[in-house]
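Read the structure below first, then the notes.
Order of the sequence lines sets the chain letters (A, B, ...), proteins ahead of strands, with each chain counted from 1.
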Amino acid sequence: MPFKYYGGVHPDYAKTASKTPVRTISPPPVVVLPMIQQIGAPNRPVVKVGDTVKMGQLIGSNDAPVSAPVHASVSGKVIAVEPRRHMLGDMVMSVVIENDFQDTPCEDMQPLTAEQLKDPEAIIARIRAAGVVGMGGAMFPTAFKIQGARGKVDTVIINGAECEPYLCGDHRTMLEHPEELLKGIELIRIAHGLDKCYYGIEKNKQDAIDLLNSLDPAKYGVEIVPEVVKYPQGAEKMQVKANTDREVKPGGLPSGVGCNVVSTYTAYTIYRACYEGIPSIERVVTVAGDCVPEAQNLLCRFGTPLEFIFKEAGADMSKVERICMGGPMMGICVADPTAGSVKGASGLLLFSKEMNRESETPTCIRCGNCIAHCPMKLEPMYMYMYVQKGDIKKMEEYHVMDCFECGSCSWGCPGRLPLTHTFKLGKAMINAKRAEEKARAEAAKINAEAAAGKEAKA
Amino acid sequence: MDEVKVFKVTSNPILRTERGTRQIMLDVIIGLVPALAVAVYMFGAKVVLLLAVSVVSCVFFEWAYRKLMKKNTTVGDLSAVVTAILLVCVLPSEAKWWMVVIGSFFSVVVVKQLYGGIGKNFLNPALAGRAFLTAAYAGYMTVWAVPAALAGSVDAATMATPLSYLYNGQAMPEYLNLTSIFLGARPGSIGEISTLALLVGGLWLIARKVISWRIPVSFIGSVAVLCLIFGHEGYGRLDWTLLNLCSGGLVLGAFFMATDYSTSPVTLRGQLVFGLGCGVLTVLIRYFGSYPEGVSYAILIMNCCTWGVDKLTRPRQFGISAEDVKAAKAAKKAAKAKAKEGAANG
């Protein structure tokens, strides 16, 4: 039975693609693979211009613990190693591969043996080698996440909420690959060294819940937990609360209360890496929005230029005002459609001007919706005021750092205040201030030591 | 390479709810329609005239002030229209049209715009306008016309309100019984007379999620409980309570005035405290005040406390349990004691 939590909103879920089977798009002639598709250390290209690469071959890596390698998503010839525009805006070192349309598989990675599939070390090593990151959008290296939580957590929660409007990739994966998914979840559970784990799924995916339950999830050590349909059900902290009634402490991680949360598509990617020996090179992307004639779920190789995907979806690009990567609540706007898609892009939404409700003159009418909606039980209205004033002390008093930018406050704001955005700025201001104070304290310590040394000498 | 179109970038969330300020204000206006319909039936066409004058002058004053001050135009959000209607609702039907113009000016310019406009004023504009007019034109503000439904029973142009009977502890005339008062066949301010119509409008606001149940329930609830406890000589306890709930401006105040966004707390517990405060003050004024009606002053007084109520009723953030708060308090106390000890020793 899922536990309740405060706040949240009910946006129009618009999950029109939930009945549409996943379709593999035609292979793109060129892929642009940025060396940063994860949180942590950027990868260094390990191929050079002119090299012939196979599908699944390692093309970028970094030995730092917080990182995830990148693999060629097609076979062909490397035609450029240079900075290219990343979906998220920066110019990032990228490997550009010309597709030879042969899909020659790389033999470097083999399926794990039956013994290895029971060995947590082997599973984690494979997750790392396959470049698996949090596919829900966070892109945090999964191997590091599991390694760090091992032995410390007593509960693993697989996140199947998919609470963002429009997105249906996880839902379709549950329906089309239920057995594989359960096996992937089993691997995650084994990697954590636990006997049982929860799989939280929002009740609007009843068909998937029924299907998974019919496959005897207990056999895999999985308990399906049907969850209330409410945004942000899929946020880590909400998942922990809903499944275990534990509340992550302010500034803490789920592992602080003995939990680890892994998303659905991550589990499926882990299945493929371990059972099939295929690294993380593709994912389901929901392409939807009012500029797409029909919402669809497309299986896209990473690095596929966005404009190629849009063409494939039959989008009317002349109408498009904004391109959103991820869901509309926490997603990020993409300015340049020539960028290649990355691991965290669960959705690509194309919205026309009619969907833009931002205001030139945002005005707070003190309706209190933001306070009623904030799942962290904060007071966005007052936080907004203090961030605007630049009052760091008040910002801390009103817990601006606790905001995880789910967007519920801004979504429900009739005055169209840029609340969420302002808190991003506020958090940056607080971090800058803290860094400054730390530096000052350090400098004072160094100077005091130097002065003491001088005195001792004298 | 072809020329690449660069797309617009906004921060998350990319989408927002359809319901903007304008839709909310429109819902409030719709919620007032039943009460206004009863008013027009009971008091005749002059209500329509007053409404027209009020809407035109409120919108004009808001537009003109913001134009003069070179600020953006806000009349499109319809909040001036809501103020205009609410101002008429709290006036007697005998009010003169020029009083409405003066009241509109005070409400919109002095109370609302001088503090920065919508969301910034700390007093309810319509109630402040009524308070101003009561002070300035007490004569016009205390004359109560006989409603159409009572024209056969009362042989005069004006009559006393049910609340003044209650205030003086007199028995009410036969034609003023609980049913007639509840339905609206009674003298009183234009918008307050029909409890039934106001309940319909109030439930509409709650159903549309324009307001929460907290303020109306704690406001009306606290008045009911206090009236039940204290009662009044010569009235049955239940009769006294129900008459108190339906006779004055309580229902109008609880659903449409006390819930005004700008002037009521935004925290959920704060809203309960606010409603409770309004209820207690209303009863105090009705029992001990020098004036039979207490709702408008109770709300205006609580309006002044809104900021403080918000600060005192802050929610406990996610991840902090009641024990955590206790522990933090104990730690603070210990630190203080230690500092004191240190100061005493040093």
Side-chain angles (χ1 to χ4, degrees), chain A residues 5-6 9 11 89 165 237 241 247-250 252 317 320-324 328-338 349 351 355-361 363-368 371-372 375-379 381-382 399 402 405 407-408 410-416 418 420-421 424, chain B residues 1-2 4-25 71-74 76-77 79 116-122 209-212 214 259-271 306-307 310-311 313-321 324:
Chain A
Y5 58 88
Y6 175 92
V9 292
K237 288 177 181 177
K241 172 78 180 174
E247 291 191 3
V248 178
K249 296 276 169 230
M317 295 309 284
V320 177
E321 186 200 31
R322 295 179 298 171
I323 302 171
C324 170
M329 297 299 282
M330 283 191 81
I332 296 166
C333 278
V334 179
D336 184 352
T338 58
L349 310 175
F351 294 121
M355 302 296 273
N356 188 346
R357 297 205 175 90
E358 303 298 316
S359 164
E360 294 279 317
T361 52
T363 312
C364 175
I365 59 168
R366 276 184 59 92
C367 66
I371 292 175
M376 290 287 101
K377 294 210 271 184
L378 304 176
E379 293 149 281
M381 194 206 105
Y382 283 113
H399 315 298
D402 283 11
E405 301 161 21
S408 297
S410 293
W411 179 85
C413 179
R416 311 308 189 199
T420 313
H421 183 68
K424 289 181 184 178
Chain B
M1 207 187 263
D2 299 337
V4 176
K5 182 177 166 190
V6 174
F7 293 87
K8 192 168 181 163
V9 173
T10 58
S11 195
N12 77 309
I14 309 296
L15 299 184
R16 289 176 183 258
T17 173
E18 264 176 77
R19 285 168 65 76
T21 304
R22 188 195 175 92
Q23 275 81 2
I24 289 178
M25 295 300 161
K71 294 179 175 188
N72 63 311
T73 309
T74 54
D77 66 23
S79 65
I118 186 169
K120 305 279 198 320
N121 52 301
F122 72 98
K209 295 197 174 158
V210 173
I211 61 172
S212 85
R214 289 181 182 80
T259 54
D260 172 35
Y261 291 151
S262 301
T263 58
S264 64
V266 284
T267 63
L268 306 188
R269 277 188 299 159
Q271 290 170 359
T306 293
W307 188 264
D310 262 358
K311 298 276 152 181
T313 55
R314 292 188 48 197
R316 194 171 66 219
Q317 83 215 92
F318 182 91
I320 300 289
S321 62
D324 290 339

Next on the checklist: On a heavy-atom basis, which atom in B:P315 and which in A:E379 lie closest, and how many Å separate them?
Outcome noted: CD-CD, 3.5 Å
Checklist entry - Considering residues at least two apart in sequence or located in another chain, which fulfil the ring pair (Phe, Tyr, Trp, His ring centres under 6.0 Å) criterion with A:Y6? => result none
Checklist outcome for this item: From the list A:E360, A:M317, A:E321, the residue making the most non-hydrogen contacts under 4.5 Å with chain B is A:E321
Item to check | Under 4.5 Å from a heavy atom of chain A, the part of B:T306 involved | outcome: side chain
Checklist outcome for this item: Nearest heavy-atom contact between B:V266 and B:D310 is N-OD1, 2.9 Å
Item to check | Engaged part of A:V9 at the chain B interface, taking heavy atoms whose separation is under 4.5 Å | outcome: neither
Checklist outcome for this item: Correct closest heavy-atom pair for A:K237 and A:G252 would be CE-O, 4.3 Å
Next on the checklist: I need the residue from A:G368, A:G89, A:C333 with the largest number of non-hydrogen atom pairs under 4.5 Å to chain B.
Outcome noted: A:C333
Item to check | Winner by heavy-atom pair count (cut-off under 4.5 Å) against chain B, out of A:N356, A:I332, A:V320, A:L378 | outcome: A:V320
Next on the checklist: Which atoms of B:S264 are under 4.5 Å from chain A, going by heavy atoms: the side chain, the backbone, both sets, or neither?
Outcome noted: backbone
Next on the checklist: Is B:I24 close to chain A through its backbone or its side chain, or both, or neither, when contacts mean heavy atoms under 4.5 Å?
Outcome noted: side chain
Item to check | Side chain, backbone, both or neither of B:E18 within contact of chain A (heavy atoms, under 4.5 Å) | outcome: both
Next on the checklist: Could you work out, with ring pair (Phe, Tyr, Trp, His ring centres under 6.0 Å) as the rule, every residue matching B:F318, not counting sequence neighbours?
Outcome noted: none
Checklist entry - Looking at B:V9, B:L15, B:T21, B:L268, which makes the most heavy-atom pairs under 4.5 Å with chain A? => result B:L15
Item to check | salt_bridge(B:D324, A:K249) N-O dist < 4.0 Å | outcome: yes
Checklist outcome for this item: Nearest heavy-atom approach of B:N12 to A:M330 is ND2-CA, 3.4 Å
Checklist outcome for this item: Residue from A:S359, A:A372, A:G331, A:P11 scoring the most non-hydrogen pairs under 4.5 Å with chain B is A:G331
Item to check | Contacting region of B:D260 [heavy-atom separation from chain A under 4.5 Å] | outcome: neither
Item to check | Per-residue contact mode, B:R22 against chain A (heavy atom under 4.5 angstrom) | outcome: neither
Checklist entry - Do you know which of A:L349, A:T363, A:D402 has the most heavy-atom pairs under 4.5 Å to chain B? => result A:D402
Next on the checklist: Below 4.5 Å, heavy-atom pairs only: which of A:G412, A:G415, A:C367 has the largest tally toward chain B?
Outcome noted: A:C367
Checklist entry - Checking A:M381 against chain B: side chain, backbone, both or neither under 4.5 Å from a heavy atom? => result side chain
Checklist outcome for this item: Closest non-hydrogen atoms of B:P265 and A:R366, given as atom of the first, atom of the second and distance, are CA-NH2, 3.9 Å
Next on the checklist: Which heavy atom of A:I365 sits nearest to which heavy atom of A:P414, and what is that distance?
Outcome noted: CD1-CG, 4.0 Å
Next on the checklist: Please classify the contact between A:P165 and chain B as side chain, backbone, both or neither, with a heavy-atom cut-off of under 4.5 Å.
Outcome noted: neither
Checklist outcome for this item: The interface call for A:C324 against chain B, heavy-atom contacts under 4.5 Å, is side chain
Item to check | Heavy-atom donor-acceptor pair, A:R322 side chain to B:I14 backbone, under 3.5 Å | outcome: yes
Item to check | Side-chain touch A:T420/B:S11, heavy atoms, less than 4.5 angstrom | outcome: no
